[in-house]
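Atoms within a ligand are numbered from 1 in the order they appear, just like the ligands themselves.
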Amino acid sequence: MHFDSKLPDVGTTIFTVMSRRALEENALNIGQGFPDYPIDPRLSQALVDVIAEGRNQYAPMEGVVELRHEIVRKLETCYSHRFDPQSEITVTCGATEALYDAIQAVVRAGDEVILFEPAYDSYEPAVRLAGGRCITVPLTPPHFAYDWERVAGVLSARTRLIIINSPQNPSCSVAGAADLDALAALIRDRPISVLADEVYEHVLYDGRRHASVLGHEELRARSFAVFSFGKTLHATGWRVGYCVAPPAMTLELRRVHQFNTFSIASPLQHAIARYLSRHPDGWMGLAPFFQAKRDLLAARLAGSGFEPVTAAGTYFQLVDYSALSGAVDVDFADRLIREAKVATIPLSPFYKVPPAMSLLRLCIAKRDETLEQAARQLREFAARCRSAS
Ligand SMILES: Cc1ncc(COP(=O)(O)O)c(C=O)c1O
């Protein structure tokens, strides 16, 4: 039987490809975004405890009540607004599920969705599965800034959703309060919702503060804001995230969620709730923790030919390799796996039509020894490149 794909051009994600290549070539993997250090042992213990206590059956569809209360408390601390745990918070299978559910809840056949490139890779397929069409607006290098005039130029009667991601993966840029004001002004009199991917909400550097849609009165009223405990608790494999949205939007999101995953692993939710209740401010240390890693890697790479582009946020770091090679990034990244034994992530797969660029994304959520080792291997590779030319 001929099987007609709904997503014929969607292959395996670049993260999976590069991680697989890293294994094949026995390379150090600082590409895919996951920590290589253990989670807080108090979080592991909380999980052991709640399983032993019997928290092992279906969780409520919208999320365990204790966890939703902890989320409300945390949001109030961060964004000075008290949300209703019954009608505004939904626990999801990582941020990925929240993004997918929000898109399915809003986008109808023929609708247009504006997103910014380079873009995290899960947005576009979800829009297409909903029957929508993505309209992409580039973030302008070198700082990957938002160009709101350009956004105004692509708004149409069909625009239903705008997806923003700050701090932004993979550009490591952040949106400021002025960006949120500009966005709010653009959509003020239009039936357009916002999907704000804020999974790196606590990872901003050099004293920057996160501008969340939840702290913006106008945007809060029309936004799905998406968060990830995978990022906040260094536990990407737990796959626990959540979505915050006004009651009417949450209702629609839950209509998708309940037939998608129905509910999220009960012991994981209870463990996170218990951990947050005992260590309510644990996330406050994230920015200095990752900033030290960013600075360590940048110091080790400076002058090597892999020039760090100072990251404003996220747990990634871009490096520019143009001093070493004119190769396209996907080929150069594969060469690095083979010859430097270091796996990175090229930037072009984050674009529909990639511009000419020579940037690679490195993940800094790694032990210092891993970062030191990766930097050493990259420097040695760069030295070999230079002596060969
Ligand atoms: C920008 C962005 N959004 C969403 C996700 C997915 O988060 P989760 O692992 O919680 O599904 C990631 C993960 O890397 C990400 O970088």
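- Proximity to R239 (heavy-atom distance under 4.0 Å) selects the following atoms of ligand 1: 8 (P), 9 (O), 10 (O), 11 (O).
- The option with the heavy atom closest to atom 6 (C) of ligand 1, from among T236, D121, N165, T96, is T96.
- For atom 7 (O) of ligand 1, the closest non-hydrogen atom on the protein side is A95 CB, 3.5 Å.
- The list of side-chain hydrogen bond (donor to acceptor under 3.5 Å, both in side chains) pairs with a residue in residues 297-307, not counting sequence neighbours, reads R300-E372.
- Atom 13 (C) of ligand 1 has K231 NZ, 2.9 Å as its closest protein atom, hydrogens excluded (heavy atom only).
- Under 4.0 Å is where a charged nitrogen must lie from a carboxylate oxygen, and between D111 and R133 no such pair does.
- The protein heavy atom nearest to atom 15 (C) of ligand 1 is Y120 CE1, 3.5 Å.
- Note on R73 versus E76: no salt bridge recorded, every NZ/NE/NH1/NH2 to OD/OE distance being 4.0 Å or above.
- Electrostatic pairing of D36 and K366 does not count as a salt bridge here, judged by no charged N lying under 4.0 Å from a carboxylate O.
- Using a 4.0 Å heavy-atom cutoff, F15 is absent from the residues neighbouring ligand 1.
- Of the heavy atoms in N169, only side-chain atoms (C-beta onward) come closer than 4.0 Å to ligand 1.
- Atoms of ligand 1 found under 4.0 Å from any heavy atom of G94, numbered from 1 in the order shown, are 10 (O), 11 (O).
- Distances below 4.0 Å separate heavy atoms of S228 from the following atoms of ligand 1: 8 (P), 10 (O).
- Heavy atoms of Q168 found under 4.0 angstrom from ligand 1: none, in either backbone or side chain.
- Salt bridge R21/E25: present, at least one basic N to carboxylate O contact under 4.0 Å.
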Output side-chain donor-acceptor pairs under 3.5 Å for residues 193-206, partner residues at least two apart or in another chain, one line each.
| residue | atom | partner | partner atom | Å |
| --- | --- | --- | --- | --- |
| D197 | OD1 | V199 | N | 3.4 |
| D197 | OD2 | Y123 | OH | 2.7 |
| E198 | OE1 | H210 | NE2 | 2.8 |
| E198 | OE1 | S212 | OG | 2.7 |
| E198 | OE2 | S212 | OG | 3.4 |
| E198 | OE2 | V213 | N | 3.0 |
| Y200 | OH | K231 | NZ | 3.3 |
| E201 | OE1 | Y79 | OH | 2.7 |
| E201 | OE2 | K74 | NZ | 3.1 |
| H202 | NE2 | K74 | NZ | 2.7 |
| Y205 | OH | T314 | O | 2.6 |
| D206 | OD1 | Q291 | NE2 | 3.2 |
| D206 | OD1 | R294 | NH2 | 2.9 |
| D206 | OD2 | R294 | NH1 | 3.0 |
| D206 | OD2 | R294 | NH2 | 3.4 |

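- Here F229 has no heavy atoms under 4.0 Å from ligand 1, in either its backbone or its side chain.
- Between L276 and L67, the closest side-chain pair of non-hydrogen atoms falls below 4.5 Å.
- Minimum interatomic distance between V91 and I264 (heavy atoms only, all atoms of both residues): O-CG1, 3.6 Å.
- With respect to atom 2 (C) of ligand 1, the closest heavy atom belonging to the protein is D197 OD2, 3.3 Å.
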